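We name chains A, B, ... by the order of the sequence lines, and we start the count at 1 in each one. Treat the numbers as computed from the prediction; the structure is a model and nothing was measured. The analysis underlying the following values was restricted to heavy atoms, covering all of them including side chains, and did not include hydrogens, waters or symmetry mates.
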Protein chains: 2
Amino acid sequence: MTDSDGTYNVAKVESQMRKGFLEFPVLLIIGTKPTYAPDILKQLKQANLLVVEGTLYPLLSRMKRSELVTYVWEESKSGPPRKIYSLTKAGENALELIETAWKKLDTSVNKLIKQYEK
Amino acid sequence: MTDSDGTYNVAKVESQMRKGFLEFPVLLIIGTKPTYAPDILKQLKQANLLVVEGTLYPLLSRMKRSELVTYVWEESKSGPPRKIYSLTKAGENALELIETAWKKLDTSVNKLIKQYEK
DNA sequence: ATCAAGTACCTTGCATTACATAGTACTTAA
DNA sequence: TTAAGTACTATGTAATGCAAGGTACTTGAT
């Protein structure tokens, strides 16, 4: 969702909204409370968004690379250390934009549904 | 959204919902009233879903191939003939499934948004 | 000590999708 | 007959979701 220079491209947000949509709920989850991959998977599952490791880890890497999120290592008592992800300032801004795009999309689609049901 | 044998794969619906999302509004538009590509583009634009020819035509071809839609040729008074698309029975069934998946997704995402905003 | 099981993170290759771009073909009007 | 408008099609690229397989750390049972 970012250009090669790292800037956030607003025009791409709506395009992506119709394609890779997953970034949005992941940003929401991380934004609500910093956490690590397996917990994000759990929360997505609770939200009926079934995602697998092979999808989430590359997504987190991409978001780290484009500086929407960052992480700190945290020791665990039941296994290897964890990467605790949190939103950057840029991530918060991006989330605002995506949320706006989502609401617009939501309204538009629900309008089309009503038309269809008539 | 269909398997190689042409059957509709329910499991894939939710996956696609997070990826190629566009099929849904296009099915809604065609389902509301049979029409042709340039008009579909107009309706999508009115619904704030900016799509270009290069996206829509291949999508229509895919949906024709998987028998969600069909078309009849219709003469035009202002140019070449038009392919008027309409839903098949399978298309109507698929649309029901997709609509259900959409409503579920809609609810889930809006719940995540509320969590984030707290 | 050693080994199995659980946990956490990462990588590769594939199918699918959206898009930009360019092209073909029909119709009408200058 | 030529140009402009309309409608449909084809090709190549980047991005995404996913299956599958792999590495590495920790704990607990043998």
Please work out whether the ring planes of B:Trp102 and B:Phe24 are parallel, tilted or perpendicular, with thresholds of 30° and 60°.
->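 Rings of B:Trp102 and B:Phe24: tilted, 30 to 60°.
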
What is the distance from [atom1] of [X] to [atom2] of [N], rounded to the nearest Å?
X: A:Leu60; N: C:dT11; atom1: CG; atom2: C1'; value: 15 Å
X: B:Arg65; N: C:dT17; atom1: CZ; atom2: P; value: 10 Å
X: A:Leu50; N: D:dT16; atom1: CG; atom2: P; value: 20 Å
X: A:Ile40; N: C:dT7; atom1: CD1; atom2: C1'; value: 16 Å
X: B:Leu22; N: C:dT16; atom1: CG; atom2: C1'; value: 13 Å
X: A:Tyr36; N: C:dC10; atom1: OH; atom2: P; value: 14 Å
X: B:Leu41; N: C:dC19; atom1: CG; atom2: P; value: 11 Å
X: A:Met63; N: D:dG17; atom1: CE; atom2: C1'; value: 14 Å

Would you kindly check whether a donor in the side chain of B:Glu53 faces an acceptor in the base of D:dC8, or vice versa, at under 3.5 angstrom?
->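 It does, because a donor-acceptor pair links the side chain of B:Glu53 to the base of D:dC8 below 3.5 Å.
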
Quick note, A:Thr55 side chain, CB onward, closest among D:dG17, C:dC9, C:dC19 is D:dG17

Would you please confirm or rule out a distance under 4.0 Å between OP1 or OP2 of D:dT9 and any side-chain N or O of B:Tyr57?
-> no

OP1 or OP2 of C:dA18 under 4.0 Å from side-chain N/O of B:Arg62 |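 Yes, because at least one side-chain N or O of B:Arg62 sits under 4.0 Å from OP1 or OP2 of C:dA18.
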
Please list, by residue number, the residues of residues 70-84 of chain A whose heavy atoms come closer than 4.0 Å to an atom of DNA chain C; answer none if no residue qualifies.
->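 Residues of residues 70-84 of chain A under 4.0 Å from DNA chain C: A:Ser78, A:Pro80, A:Pro81, A:Arg82, A:Lys83.
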
Which residues satisfy the side chain to side chain contact (heavy atoms under 4.5 Å, CB included) test with A:Thr107, sequence neighbours excluded?
->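 Here the qualifying residues are A:Lys111.
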
Can any side-chain N or O of B:Thr70 pair as donor or acceptor with the backbone N or O of B:Thr88 at less than 3.5 Å?
->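 Absent.
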
Using side-chain hydrogen bond (donor to acceptor under 3.5 Å, both in side chains) as the criterion, list what pairs up with B:Lys103, not counting sequence neighbours.
->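 B:Lys103 satisfies side-chain hydrogen bond (donor to acceptor under 3.5 Å, both in side chains) with B:Glu99 once adjacent residues are dropped.
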
Salt bridge (charged side-chain N to carboxylate O under 4.0 Å, His left out): which pairs involve residues 27-49 of chain A, sequence neighbours left out?
-> none

Name all residues meeting the salt bridge (Lys or Arg N to Asp or Glu O under 4.0 Å) criterion together with B:Glu92; count only those two or more places apart in sequence or in a different chain, and write none if there are none.
->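 With neighbours one apart ignored, the set is B:Lys89.
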
Would you mind listing every side chain to side chain donor-acceptor pair (under 3.5 Å) that reaches into residues 51-64 of chain A, with sequence neighbours excluded?
->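 Listed by first then second residue: nothing to list.
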
Closest-nucleotide 5' rank along DNA chain C - winner of B:Val52 and A:Pro38 |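 Looking at the nearest nucleotide for each, A:Pro38 comes out on the 5' side.
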
